[in-house]
Number of protein chains: 2
Amino acid sequence: MTARRAAAARATINDVAAVAGVSRGTVSRVLNAEAYVSEAARSAVMDAISKVGYVRNSAARNLATRQSHAVGLVVHEPHSLFLEDPNIGSILLGINSALSDADYQLVSLVIDSERDSHRVAEYLSGGFVDGVIIVSARAHDPIAKVVAELGIAAAFVGHPVDVEGIPYVGIDNFSAAKAITTRLKETGRRRIGMIAAGLDRDSGQDRMAGFRAALGDAFDPELVVTTPLYAHTSGIDGMRLLLDRAPDVDGVFAASDAMAAGVLDVLREVGRSVPGDVGVVGFDDSAWATRAQPPLSTVHQPAGQLGRRAAESVLAQLRGETVDTAGTFLETAIVWRDSA
Amino acid sequence: MTARRAAAARATINDVAAVAGVSRGTVSRVLNAEAYVSEAARSAVMDAISKVGYVRNSAARNLATRQSHAVGLVVHEPHSLFLEDPNIGSILLGINSALSDADYQLVSLVIDSERDSHRVAEYLSGGFVDGVIIVSARAHDPIAKVVAELGIAAAFVGHPVDVEGIPYVGIDNFSAAKAITTRLKETGRRRIGMIAAGLDRDSGQDRMAGFRAALGDAFDPELVVTTPLYAHTSGIDGMRLLLDRAPDVDGVFAASDAMAAGVLDVLREVGRSVPGDVGVVGFDDSAWATRAQPPLSTVHQPAGQLGRRAAESVLAQLRGETVDTAGTFLETAIVWRDSA
DNA sequence: GTTTATTCTGGGAGCGTTCCCAGAAGTGCC
DNA sequence: GGCACTTCTGGGAACGCTCCCAGAATAAAC
């Protein structure tokens with residue numbers, strides 16, 4: 001099998017113009033939906049387009065407009081969370097959906113961390129993309145810094161930890177944590193504990209604050225176990241500690257599904273039934289939730305919307321609009337399964 | 001925050017030529033590593049490039065060469081497995097790595113299934129990409145058909161079910177299944193059963209054949225339970241059936257990690273310890289494997305390599321080379337954890 | 001009917017490359 | 001020194017679009 005050029009000779013705007021009996025300029029105006037085109041000319045051009053099978057040559061357009069009509073999805077390997085984030089697929093689809101609605105392309109910018117940030121800057125200022133979306137950046141992400149300096153149209157999905165001036169889209173962790181804790185409380189639990197994590201970020205703090213707000217007077221600091229990571233093992237260690245402190249605990253809110261899965265493991269180990277003896281809820285609605293036994297009640301993140309909104313922010317910046325550099329917080333939903 | 005053009009005035013090839021004291025043509029030759037450039041000219045151009053901070057304008061290049069220098073990753077939503085495949089992130093990274101080595105861009109082609117295949121064909125022949133990579137296509141995938149008809153440079157990652165003439169990259173299911181079964185046998189198991197699935201595909205058949213080959217004379221058809229799907233519930237049902245048939249089973253090879261997780265659930269239910277009473281192995285090294293209790297011994301797929309090889313095949317086609325339209329099979333590795 | 005504003009159209013110029021041809025410079029051989 | 005190669009260089013033309021200006025056609029106002 002050898003390579004073959006897809007189409008021997010593709011129709012150009014000139015072919016369309018000739019068939020429609022108008023000029024190149026008029027075809028271009030129709031293509032770009034500009035004003036001042038007569039209805040007769042417009043329909044003649046439309047007919048001609050489908051007749052000759054015209055498809056716009058984006059390279060020529062990009063060259064003439066000096067824009068790439070592309071938005072990059074920055075994946076900064078291996079330091080990014082790209083491979084770990086369970087919602088990444090949906091986020092990507094959401095981004096793409098918004099972009100293609102606006103006739104923009106999504107290009108993947110996988111940046112190898114071996115190279116320095118100078119290379120990254122060159123890459124971004126190289127005109128390959130008009131804007132950039134950064135998913136789950138970590139603290140001190142060099143790309144975030146470069147983007148901020150260059151003033152490139154950009155948006156984050158997820159919390160940027162130490163970057164100012166770039167809009168981001170996230171979820172309302174406080175309300176979500178409060179809502180699911182309330183729901184857990186309503187199942188009749190009296191002694192509800194929490195396995196908290198990531199308190200060095202506002203997302204982690206907000207989840208804990210939401211938990212506290214939901215319990216009100218019933219809140220007992222003794223029942224909150226803090227761990228540094230959102231990991232499965234943190235959930236195991238955290239739950240053991242919690243059981244030590246409060247053997248009568250009958251409800252647990254884990255700040256991530258991975259930790260909740262760890263909680264489940266410990267409860268099984270010590271012979272407590274879920275949700276019979278103890279009700280457990282998680283956070284994320286990741287793969288952990290459905291694969292756990294029993295499946296976890298958890299907080300669902302609107303991953304697709306997260307991506308879409310970030311893309312729309314970049315698009316707005318590209319149109320020259322002023323966008324809010326503060327965060328946009330999306331509503332979450334509670335998914336009630338069998339663990340509580 | 002308003003949009004800002006990244007660079008006020010980017011350096012062009014003419015600026016480089018002026019600084020280097022040579023002509024446009026010579027700069028172009030240096031840029032494209034062509035023959036017939038004197039060493040003096042080459043180094044003068046190189047110096048000038050870094051001096052003026054030149055970055056090639058890909059739109060102009062694409063226009064002049066009539067190639068996009070981009071390869072598309074087709075994601076055919078919602079029918080594709082894009083969101084489900086646990087290895088998708090690594091595959092994507094592997095593809096990108098090979099592509100960027102060859103100075104190609106990866107662009108995401110998310111195709112909405114609401115539109116017809118005519119639109120897909122237009123998309124692919126529209127010159128947006130020079131080639132295309134299709135991940136985990138399902139049977140009767142319309143894109144696969146269009147690609148085959150158009151003769152576009154393409155490659156599959158994963159088994160195409162009903163498409164001929166397009167190269168694909170997969171793993172050697174037979175050897176992998178044989179190897180892990182042998183390994184299981186070597187732990188001293190005497191009665192090893194299998195939960196097979198997907199026998200309507202060669203991947204499923206190969207896994208079963210590998211299992212059989214590993215056992216040799218010890219193979220007992222009675223100990224093979226067949227299910228249609230690779231799902232978790234299939235694993236549960238399959239294991240119950242296997243225990244009915246052979247209560248003395250002391251080893252199980254499940255054709256997927258999801259099924260192996262189901263096997264684990266059943267064994268726990270009936271009070272058999274793993275790996276004490278029964279050794280269990282899976283296939284895929286997906287998230288199920290690490291999240292199972294105990295973590296599964298399984299077959300690891302070289303996801304990054306799968307992507308890289310597919311990309312390299314497309315690149316070879318683009319260079320006009322003849323590539324083998326049969327499948328390329330990559331070696332797998334056994335990951336030995338705690339379940340056997 | 002004339003003037004003025006508005007709507008519409010054609011086509012030249014330019015975007016930054018690559019391609020290719022013509023010719024200059026260098027090398028080797030008789 | 002003359003001739004035939006080979007190596008190297010410059011620059012015109014083209015790629016297919018958008019931008020923009022000048023002017024034609026039409027509509028509105030006097």
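Lettering follows sequence order; numbering is per chain, from 1.
- A donor-acceptor pair under 3.5 Å links the side-chain atoms of B/Ser68 to the main chain of B/Asp130, judged by distance alone.
- Under a 3.5 Å cut-off, the side chain of B/Asp101 and the backbone N or O of B/Ala98 do not form any donor-acceptor pair.
- When the nucleotides C/dG16, C/dT17, C/dG11 are ranked by their closest atom to the side chain of B/Arg61, C/dT17 comes out on top.
- Atom CG of A/Leu31 is separated from atom C1' of D/dT18 by 11 Å (rounded to the nearest Å).
- The A/Ala41 side chain lies nearest to C/dT9 when the options are C/dT9, D/dT9, C/dG10.
- Distances shown here put a side-chain N or O of A/Ser23 below 4.0 Å from the OP1 or OP2 atom of C/dG10.
- Nearest to the side-chain atoms of B/Ala64 among the listed nucleotides C/dC15, C/dT17, C/dG10 stands C/dT17.
- Within the structure, every side-chain polar atom (N or O) of A/Thr26 is placed at least 4.0 Å from both OP1 and OP2 of C/dC8.
- One interatomic measurement links the two molecules: CD of A/Gln67 to C1' of D/dC19, which rounds to 13 Å at whole-angstrom precision.
- A tilted orientation is assigned to the rings of B/Tyr123 and B/Phe128, their planes being inclined by 30° to 60°.
- The phosphate of C/dT18 has OP1 or OP2 within less than 4.0 Å of a side-chain N or O from B/Asn32.
- Rounded to whole Å, the distance from CD on B/Glu39 to P on C/dG26 is 17 Å.
- Distance CG (B/Asn14) to C1' (C/dT17): 9 Å, rounded to an integer number of Å.
- Contact between the side-chain N/O atoms of B/Ser38 and the OP1/OP2 oxygens of D/dT7 is not found at any separation under 4.0 Å.
- Between B/Asn62 and the phosphate of D/dC15, there is no side-chain N or O to OP1/OP2 separation shorter than 4.0 Å.
- Atom CZ of A/Arg66 and atom C1' of D/dC17 are 12 Å apart (whole Å).
- Between B/Tyr36 and D/dC8, a side-chain N or O to OP1/OP2 separation shorter than 4.0 Å is absent.
- Each of D/dC17, D/dG16, C/dT17 was ranked by its minimum atom distance to the side chain of B/Leu63; first place goes to D/dG16.
- Summarising the geometry, the separation between CZ on B/Arg29 and P on C/dC21 is reported as 13 Å, rounded to the nearest angstrom.
- Rounded to the nearest 0.5 angstrom, B/Arg309 CZ and B/Ile91 CD1 are separated by 14.0 Å.
- Within 6.0 Å of atom CZ in B/Arg308, more than 12 heavy atoms from other residues, nucleotides or ligands are found, so the atom counts as buried in its surroundings.
- Distance B/Arg24 CZ to C/dC19 P: 13 Å, rounded to the nearest Å.
- Here B/Ser28 reaches the OP1 or OP2 of C/dT18: one of its side-chain N or O atoms lies under 4.0 Å away.
- Among the nucleotides C/dT18, D/dT18, D/dT9, the one closest to any side-chain atom of B/Thr65 is C/dT18.
- Between B/Ile13 atom CD1 and D/dT9 atom C1' there is a gap of 14 Å when expressed in whole angstrom units.
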